[in-house]
2 protein chains.
Amino acid sequence: MAKIIASKNGTKKDAIIQKAATLFREKGFVASSMRELADKIGVEASSLYNHIGSKSELLQSICYKIANDFTIHLNEVETQKGRTAEKLEQIIRFHIHMMLHHYDELFVANHEWKQLQEPYLSNFLNQRKSYESKLVAIVKTGIECKEIKKINPHVVVLTLLSAVRGLEFWQRHKKNMDTKDIESDMVQHLLNGIIK
Amino acid sequence: MAKIIASKNGTKKDAIIQKAATLFREKGFVASSMRELADKIGVEASSLYNHIGSKSELLQSICYKIANDFTIHLNEVETQKGRTAEKLEQIIRFHIHMMLHHYDELFVANHEWKQLQEPYLSNFLNQRKSYESKLVAIVKTGIECKEIKKINPHVVVLTLLSAVRGLEFWQRHKKNMDTKDIESDMVQHLLNGIIK
DNA sequence: AGATAAAACTAATAAGTGTTAGTTTTACTA
DNA sequence: TAGTAAAACTAACACTTATTAGTTTTATCT
């Protein structure tokens with residue numbers, strides 16, 4: 001009955017993907033059914049297949065979009081010249097930005113990538129591995145320049161990535177806290193430490 | 001044919017729960033079927049029901065065991081007298097310990113609690129909320145004692161919890177890195193910062 | 001208005017789900 | 001060795017799943 005309404009700058013497929021991202025975040029990929037997704041859009045499940053290929057394809061689209069966004073941004077940062085701390089800060093702030101403006105997709109990419117099918121699963125993991133390696137390289141450079149303490153760079157990267165990932169819990173406190181404050185507090189904690 | 005072998009200090013039910021934790025971690029709760037679980041044990045799916053109540057019950061057991069372990073430990077730390085930094089270090093090290101020795105269950109509790117049914121879901125979330133509140137209180141005390149920088153304590157706790165949660169990625173590098181080194185590097189990063 | 005293409009619908013399929021009932025095997029005790 | 005309880009088995013149930021085929025409605029353009 002009701003038609004699928006395309007978003008302003010996208011196709012109807014994009015509209016479905018967006019709704020799927022929200023649903024997958026709320027219930028998880030496997031626990032979300034096509035009937036439920038169709039329901040949220042206001043249409044029968046089979047109608048979705050006029051616009052998309054399969055349920056798996058939805059997850060693939062979501063995960064790859066996110067992975068690409070991060071890869072592109074990191075490439076930009078890499079080409080810059082400047083202090084390591086500035087680069088790290090830029091990266092941290094980009095993660096925060098993605099968390100605030102592409103929450104559903106990022107959440108799904110972070111939590112549901114395991115449900116990707118081959119070869120998409122391997123591809124996704126490789127891309128993430130490459131992202132981490134580049135980050136480690138940046139931290140290593142910082143250590144060599146004596147700009148950063150001599151800590152295992154893998155641990156530093158792990159700590160940074162995990163911490164920014166935890167930003168997803170902010171959605172709970174979103175109303176009570178100012179975004180800019182959180183941003184600078186976390187940057188300060190991660191880069192300067194918390195002990196006087 | 002094959003019988004379910006009880007682990008040394010546990011019932012057969014415990015053995016099933018342990019196998020379930022591993023399976024749920026690998027594939028996710030919803031994507032794991034009782035037939036697959038039974039297969040891993042070497043038994044028919046229906047035979048499991050001689051020992052357990054339901055699939056949901058397995059998830060409940062896993063999540064509640066983990067939640068209790070953390071609650072108990074935090075209560076112990078709270079009763080101590082000493083510097084805030086020492087308490088935080090103890091807590092961080094306990095998270096690391098749990099990650100290393102109860103990896104499967106902790107992973108499942110962290111990733112699959114959404115699949116809990118009411119009222120277990122609400123109970124679990126309340127327990128976690130309470131845990132975080134106590135942590136915030138500890139950090140607040142540290143700030144008042146001027147032992148810790150004046151950063152939003154919620155952000156500090158969020159950063160700490162997220163960072164230690166990221167330890168789950170270690171399983172990948174486990175062989176290449178020494179646990180004690182990782183532990184101290186992360187504690188140093190989180191408490192002292194990484195910038196000279 | 002008539003034709004065409006897009007996108008909705010209904011109905012059905014084959015496969016997989018957790019779980020139960022009833023039966024048979026296994027292991028231990030008297 | 002006979003009897004008993006635990007725990008395995010087979011078979012089936014009722015439901016849900018993603019997806020497809022075929023059909024009808026809707027919107028658009030000539």
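None of the values given here were measured: they were computed from a predicted structure. Proteins come first, then strands; the chains are lettered A, B, ... in the order of their sequence lines, and each starts at number 1.
Distance, Leu48(B) CG to dA6(D) P: 18 Å, rounded to whole Å. Taking atom CD on Glu44(B) and atom P on dA21(C), their separation rounds to 19 Å, with Å as the unit. We find that NZ of Lys13(B) is positioned 13 Å from P of dA7(D), with the value rounded to whole Å. If you take CD1 of Ile52(A) and C1' of dA6(C), they are 16 Å apart, rounded to a whole angstrom. One interatomic measurement links the two molecules: CG of Leu58(B) to C1' of dG18(C), which rounds to 12 Å at whole-angstrom precision. Taking atom CG of Leu37(A) as the reference point, atom P of dT17(D) lies 12 Å away to the nearest angstrom. In this structure, Leu59(B) atom CG and dG18(C) atom P are separated by 13 Å, rounded to whole Å. dG18(C) atom C1' lies 14 Å from atom CD of Glu57(B), rounded to whole Å.
A donor-acceptor pair is defined here as one N or O able to donate and one able to accept, closer than 3.5 Å; no such pair exists between the side chain of His97(A) and the backbone of Arg93(A). Not one N or O on the side chain of Tyr131(A) forms a donor-acceptor pair closer than 3.5 Å with the backbone of Ala67(A). With hydrogens and angles disregarded, a donor-acceptor distance shorter than 3.5 Å links the side chain of Glu147(A) to the backbone of Ala85(A). The backbone N or O of Glu118(B) sits nowhere less than 3.5 Å from a side-chain atom of Ser122(B) that would complete a donor-acceptor pair.
Dashed line: the shortest gap from a side-chain N or O of His51(B) to OP1 or OP2 of dA6(D) is not under 4.0 Å.
The shortest non-hydrogen separation linking Glu26(A) to Lys40(A) is OE1-NZ, 2.9 Å.
Nucleic acid contact for Ser33(B): sugar-phosphate only, since backbone atoms but no base atoms lie under 4.0 Å from a heavy atom of the residue.
Between the side chains of Asn75(B) and Lys134(B), at least one donor-acceptor pair of N or O atoms lies under 3.5 Å.
For the pair Lys19(A) and Phe24(A), the cation does not sit on the ring face, since its NZ or CZ is not both under 6.0 Å from the ring centre and inside 45° of the axis.
The nucleotide whose nearest atom lies closest to any side-chain atom of Lys12(B) is, among dA7(D), dT17(C), dT10(C), dA7(D).
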Treat primed atoms plus P, OP1 and OP2 as sugar-phosphate and everything else as base, then score nucleotides 19-24 of chain D 5' to 3': B for base contact with protein heavy atoms under 4.0 Å, S for sugar-phosphate contact only, - for none. BB----
